[in-house]
Amino acid sequence: MSNKIILASSNQNKLREFKEILEPLGYEIISQRDAGIDIDPEETGTTFAENSAIKAKAVYEVAKCAVIADDSGLEVDYLNGEPGVYSARYGGTRDDKVHNKIVLQKLEGVPDEKRSARFVAAISYIDDDGRLSQFIGKFEGRIGYEERGKNGFGYDPIFMVGGISSAEMTPEEKNAVSHRGKALRELAGYLSSTKN
Ligand code: IMP
């Protein structure tokens, strides 16, 4: 078995996070771009798990070697799970400021106990032989009343956990409890248990 895994993304932050956790286990993580694979399949799934599988399968079909893909987003209970799989393009834009404004507006006047929300991350791993495994991580919190904090990205400034927003956590604090951190550690555990 080769130790090379292609990450079906060219996002540098994701690449760094995956490298930090998987390289100590002896895996070499290569971005899709560095592997010379120039595809961007349409994310037509209705769940994070489906979308991460779509991305991983598309790259596996071309590369025929181990692939990881992830998909993530925010689910707000009061909005019946919105923005969900549309998190990155909520309201028809990729502008995080606009996304946060829309969520805050839709929750105007909604009391604390109905502002529950969670980040979800789904990781799909396809091994060299084409077998798919999936790992889901969740990060529970609630939607605040204003943007707070300068760290993180996306919906972090409006996502409150125990009195602070996830944009007020250090990257280490967030990784220890976040959806992506949990899913990644599950993947790492799986890879360790199946290695040679
Ligand atoms: P992806 O790159 O397709 O997984 O897009 C996920 C989208 O969900 C991002 O553009 C963000 O809007 C949102 N998102 C996912 N994880 C986080 C997080 O940890 N903090 C804030 N926003 C997140």
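Order of listing sets the numbers, starting from 1, for every ligand and every atom in it. Model, not experiment: these values are computed from the prediction.
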In terms of atom number and element, which parts of ligand 1 are under 4.0 angstrom from non-hydrogen atoms of [X]?
X	answer
Asp71	3 (O), 4 (O)
His179	16 (N), 17 (C), 18 (C), 19 (O)
Lys14	1 (P), 2 (O), 4 (O)
Asp156	18 (C), 20 (N), 21 (C)
Lys174	18 (C), 19 (O), 20 (N)
Gly154	21 (C), 22 (N)

Ignoring hydrogens and angles, tell me if any N or O in the side chain of [X] forms a donor-acceptor pair with the backbone of [Y] under 3.5 Å.
X	Y	value
His179	Ile136	no
Asn51	Gly45	yes
Gln32	Ile37	yes
Ser165	Phe159	no

Legend entry - Neighbour count >12 (heavy atoms, 6.0 Å) for atom CG, Asp129: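 It does: Asp129 CG has more than 12 such atoms within range.
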Legend entry - Any donor-acceptor N or O pair under 3.5 Å, side chains Ser116, Asp77: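 Yes, Asp77 and Ser116 have a side-chain donor paired with an acceptor closer than 3.5 Å.
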Inset, instruction - If you have a sec, work out which protein heavy atom is nearest atom 5 (O) of ligand 1 and how many Å separate them, to one decimal? - result: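 Nearest neighbour among protein heavy atoms for atom 5 (O) of ligand 1, to 0.1 Å: Ser72 O, 3.7 Å.
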Inset, instruction - Quick one: look up the protein heavy atom nearest atom 12 (O) of ligand 1 and list residue, atom name and how far away it is. - result: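 It is Tyr155 CE1, 3.1 Å.
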Inset, instruction - Report yes or no: is the cationic atom of Arg115 (NZ for Lys, CZ for Arg) closer than 6.0 Å to the six-membered ring centre of Tyr145, at no more than 45° off its axis? - result: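 Output yes; distance and angle both within limits.
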Inset, instruction - Flag the pair Phe18 / Tyr27 as yes when their ring centroid distance falls below 6.0 Å, and as no otherwise. - result: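 They do not qualify: ring centres at least 6.0 Å apart.
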Inset, instruction - Report yes or no: does Arg180 have a heavy atom closer than 4.0 Å to ligand 1? - result: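 Right, Arg180 reaches ligand 1.
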Inset, instruction - Can you figure out which of Tyr90, Tyr86, Phe153, Phe48 has its heavy atom closest to atom 17 (C) of ligand 1? - result: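 Closest candidate by heavy-atom distance is Phe153.
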Legend entry - Close N or O approach (Asp70, ligand 1; < 3.5 Å):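 No - when backbone and side-chain N and O of Asp70 are compared with those of ligand 1, no distance drops under 3.5 Å.
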